[in-house]
Amino acid sequence: MSQIDIQDLFNRSRFPSGWRLLSVILYSPLGIVLLLLRLLITLTLWLLAWLLPDHSLLRTFLSYGISFAFGIVVRVDASSEPRDKQTRIIIANNVSVLDHFALRQTTEALVPGVWELPTALSNALGSQKMDMSSKETLIANIRLFLASSTYSVAVQPEFDTTNNRVALLKFNSWPFSIETSVQPVAIRASRPDFVPVHLTSLASTWWTEVFWFMFVPYTVFTLKYLKSKQNPEHEVLVREVERDIANALGIQTSSYTVSDKTEYEKRYRMERILNSARSNRNTPNSQVIHSMEIQRMVRQVSEVLPLVPHNVILRDLLKTRNVDITIANILDGIVTYTPEPNLPVQPTVTSFGGTQQNSTKDKTLGTSSFQEKKAKMIREARERYIKKHGLTDC
């Protein structure tokens, strides 16, 4: 497992750069027409699923209709191993929000989900509603489903998508504790070269992903069955299957988990917000609004931490954009500063351009060391913060 930068696992943009973007622009009118037609078909399928009783013919019709509505074509790799009918747990990597449909088409397996859908539609999509309130509850639900149904269950232990070009997210081990035998499936997906729109992009929502499935002409899913694996030690089994799927895809395994992706997405969103804020501040009106809002937040922090210099508060607020986070950063020592001398009872006069401060020293603090001043100030500030927010259990 080599060192991999987490940003290499995801597409920051959905679109290609350079001249290839021109083909997407030229295709757009046709893509919009196709999108509207597919939305109409999807609505019709939804209504039919609600109005008609569940039946095998309806499921087949819905399956073909969904294939067109999402532009999905499913193929099985010619070099695949045979489907092991005795193995009821399918383990696959995660490349898109519609992997479950491709898995349903080829493996006759359903993916646990939480959607409240008509039975026929849910089945055609490859989803099975289960209680996912906890890991233990879900495992029990899957075992009960396997005992009472002829369907298999597919689980994608990455629990989120990657760009499928560099490495997998680290597999979670609990799906391998359901049964001692699993069959791995390696999933690839591609779109036509003349509309090179990526299947996923960082910080995208599920409905945005579905939108682009309907916009592009088609998306080809290619599934490759691998040899079934059996091992009563599920912590060993998970690593073996993870390695086999990565090898089949020609990519690596990694130590990054779905939690790491979540944190990376948060940083990415914050980066976009800050960049947008900086660009918007170039207009006169935005500068005024921004300065007023920052001043308001500086005053709020100063009410709780009156000895912290305004320039220190301002500098951290420009990073966090959040009063509570800045207060916590100061109290926890993340933000360092030299305490201001105690101010008199009269209010301090502030302006955006600068600050007027009375130079009167507090006699008690004046005889203390710097560390004693800071410790006392933090203690008093914490007490004011707790009292202000009603945090009685701190």
Side-chain angles (χ1 to χ4, degrees), residues 46 49 54 59 62-63 66-67 70 72 74 83-162 164 168-187 189 199-200 205-207 209-210 213 221 223 225-226 228-230 234-235 237-238 241-242 245 257-259 261-262:
W46 185 281
D54 183 19
R59 293 180 200 170
L62 290 174
S63 181
I66 292 169
S67 293
F70 294 140
I72 292 177
V74 184
R83 169 72 175 100
D84 184 357
K85 298 291 186 180
Q86 302 301 314
T87 303
R88 305 286 302 282
I89 298 293
I90 303 296
I91 300 294
N93 58 304
N94 199 333
V95 299
S96 78
V97 297
L98 294 179
D99 291 350
H100 49 78
F101 180 75
L103 288 166
R104 171 70 177 84
Q105 291 284 80
T106 58
T107 66
E108 290 293 313
L110 302 179
V111 174
V114 295
W115 298 103
E116 290 284 356
L117 298 173
T119 303
L121 181 59
S122 179
N123 187 287
L125 282 169
S127 177
Q128 174 65 35
K129 186 179 184 302
M130 293 187 185
D131 185 351
M132 302 175 71
S133 57
S134 70
K135 176 178 66 177
E136 292 74 19
T137 302
L138 179 56
I139 291 174
N141 270 244
I142 292 175
R143 286 173 175 164
L144 181 62
F145 176 79
L146 291 173
S148 59
S149 171
T150 58
Y151 288 106
S152 299
V153 170
V155 185
Q156 296 171 286
E158 289 177 284
F159 297 121
D160 213 331
T161 59
T162 67
N164 217 39
L168 300 171
L169 290 175
K170 186 177 181 180
F171 283 12
N172 197 299
S173 63
W174 71 256
F176 298 83
S177 65
I178 300 170
E179 290 193 350
T180 59
S181 179
V182 302
Q183 182 162 28
V185 175
I187 304 178
L199 271 79
T200 62
T205 58
W206 69 266
W207 56 267
E209 307 285 353
V210 171
F213 267 95
F221 284 87
L223 278 63
Y225 295 107
L226 307 180
S228 296
K229 289 280 186 178
Q230 185 169 2
H234 67 274
E235 293 290 350
L237 183 60
V238 60
V241 172
E242 183 182 52
I245 291 179
T257 65
V258 63
S259 298
K261 180 183 179 181
T262 301

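The structure displayed is predicted, hence computed values, not measured ones. Throughout, numbering of the chain's residues begins at 1 and tracks the sequence.
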### Task
Could you go through the side-chain contact (heavy atoms from CB on, under 4.5 Å) check for Glu158 and Asn93 one step at a time?
CA-CA 7 Å; Glu158 289 177 284; Asn93 58 304; 3.4 Å; yes
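- A distance of 4.0 Å separates CZ of Phe171 from CD1 of Ile245, quoted to the nearest 0.5 Å.
- In this structure the side chain of Leu103 reaches within 4.5 angstrom of the side chain of Ile187, judged on heavy atoms.
- By the 4.5 Å heavy-atom criterion applied to side chains, Ser127 and Phe101 are not counted as neighbours.
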### Query
Stepwise, does the side chain to side chain donor-acceptor pair (under 3.5 Å) test hold for Glu108 with Ser152?
CA-CA 7 Å; Glu108 290 293 313; Ser152 299; over 6 Å; no
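- Looking at Leu110 and Phe145, their side chains come closer than 4.5 Å, going by heavy atoms from C-beta outward.
- In this structure, Thr137 OG1 and Met132 CE are separated by 11.0 Å, a value rounded to the nearest 0.5 Å.
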### Message
One pair to check against side-chain contact (heavy atoms from CB on, under 4.5 Å): Arg104 and Asn123. What are the steps and the verdict?
### Response
CA-CA 8 Å; Arg104 171 70 177 84; Asn123 187 287; 2.7 Å; yes
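- For the pair Pro157 and Val238, the minimum side-chain heavy-atom distance is 4.5 Å or more.
- For the pair Phe70/Val210, a side-chain contact is recorded, criterion being any heavy-atom separation below 4.5 Å from C-beta on.
- Using a 4.5 Å heavy-atom cutoff, the side chains of Arg83 and Ile90 are in contact.
- The distance from the CG atom of Leu117 to the CH2 atom of Trp46 is 5.0 Å, given to the nearest 0.5 Å.
- Using a 4.0 Å cut-off between charged nitrogen and carboxylate oxygen, Lys170 and Glu242 do not count as a salt-bridge pair.
- Between atom CD of residue Gln86 and atom OG of residue Ser228 there is a gap of 10.0 Å, rounded to the nearest 0.5 Å.
- Contact annotation: the side chain of Leu138 approaches that of Pro112 to within less than 4.5 Å [non-hydrogen atoms, C-beta and beyond].
- Not counting sequence neighbours, the partners of Gln156 by the side-chain hydrogen bond (donor to acceptor under 3.5 Å, both in side chains) test are Asp99.
- Nearest heavy-atom pair across Pro118 and Ala49 is CB-O, 3.5 Å.
- A donor-acceptor distance shorter than 3.5 angstrom exists from the side chain of His100 to the backbone of Leu125, with no hydrogens or angles considered.
- The residue from Thr161, Asp160, Thr162, Asn94 that alone fulfils the side-chain contact (heavy atoms from CB on, under 4.5 Å) condition with Thr200 is Thr161.
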### Task
List the steps, then state whether side-chain contact (heavy atoms from CB on, under 4.5 Å) holds for Ser67 with Gln105.
CA-CA 10 Å; Ser67 293; Gln105 291 284 80; 3.6 Å; yes
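- Shown here are the salt bridge (charged side-chain N to carboxylate O under 4.0 Å, His left out) partners of Glu136, two or more places apart in sequence or in another chain: there are none.
- Within the model, atoms CD of Gln230 and OG1 of Thr87 stand 8.0 Å from one another, a figure rounded to the nearest 0.5 Å.
- The shortest heavy-atom contact between Ala124 and Leu62 is CB-CB, 3.8 Å.
- A 4.5 Å side-chain heavy-atom check between Thr107 and Tyr225 finds at least one atom pair inside the cut-off.
- Between the CD atom in Glu235 and the CZ atom in Phe176 there is a gap of 10.0 Å [rounded to 0.5 Å].
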### Task
Show the numbers, then the answer: is there a side-chain contact (heavy atoms from CB on, under 4.5 Å) between Leu146 and Ile89?
CA-CA 9 Å; Leu146 291 173; Ile89 298 293; 3.8 Å; yes
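- Not a single donor-acceptor pair under 3.5 Å links the side chain of Arg59 to the backbone N or O of Asp54.
- Side chain of Gln183 to backbone of Asp84: a donor-acceptor contact under 3.5 angstrom is found.
- Residues meeting the side chain to side chain contact (heavy atoms under 4.5 Å, CB included) test with Thr150, sequence neighbours left out: none.
- Of all non-hydrogen atoms in Ser148 and Leu144, the two that sit nearest each other are OG-O, 2.9 Å.
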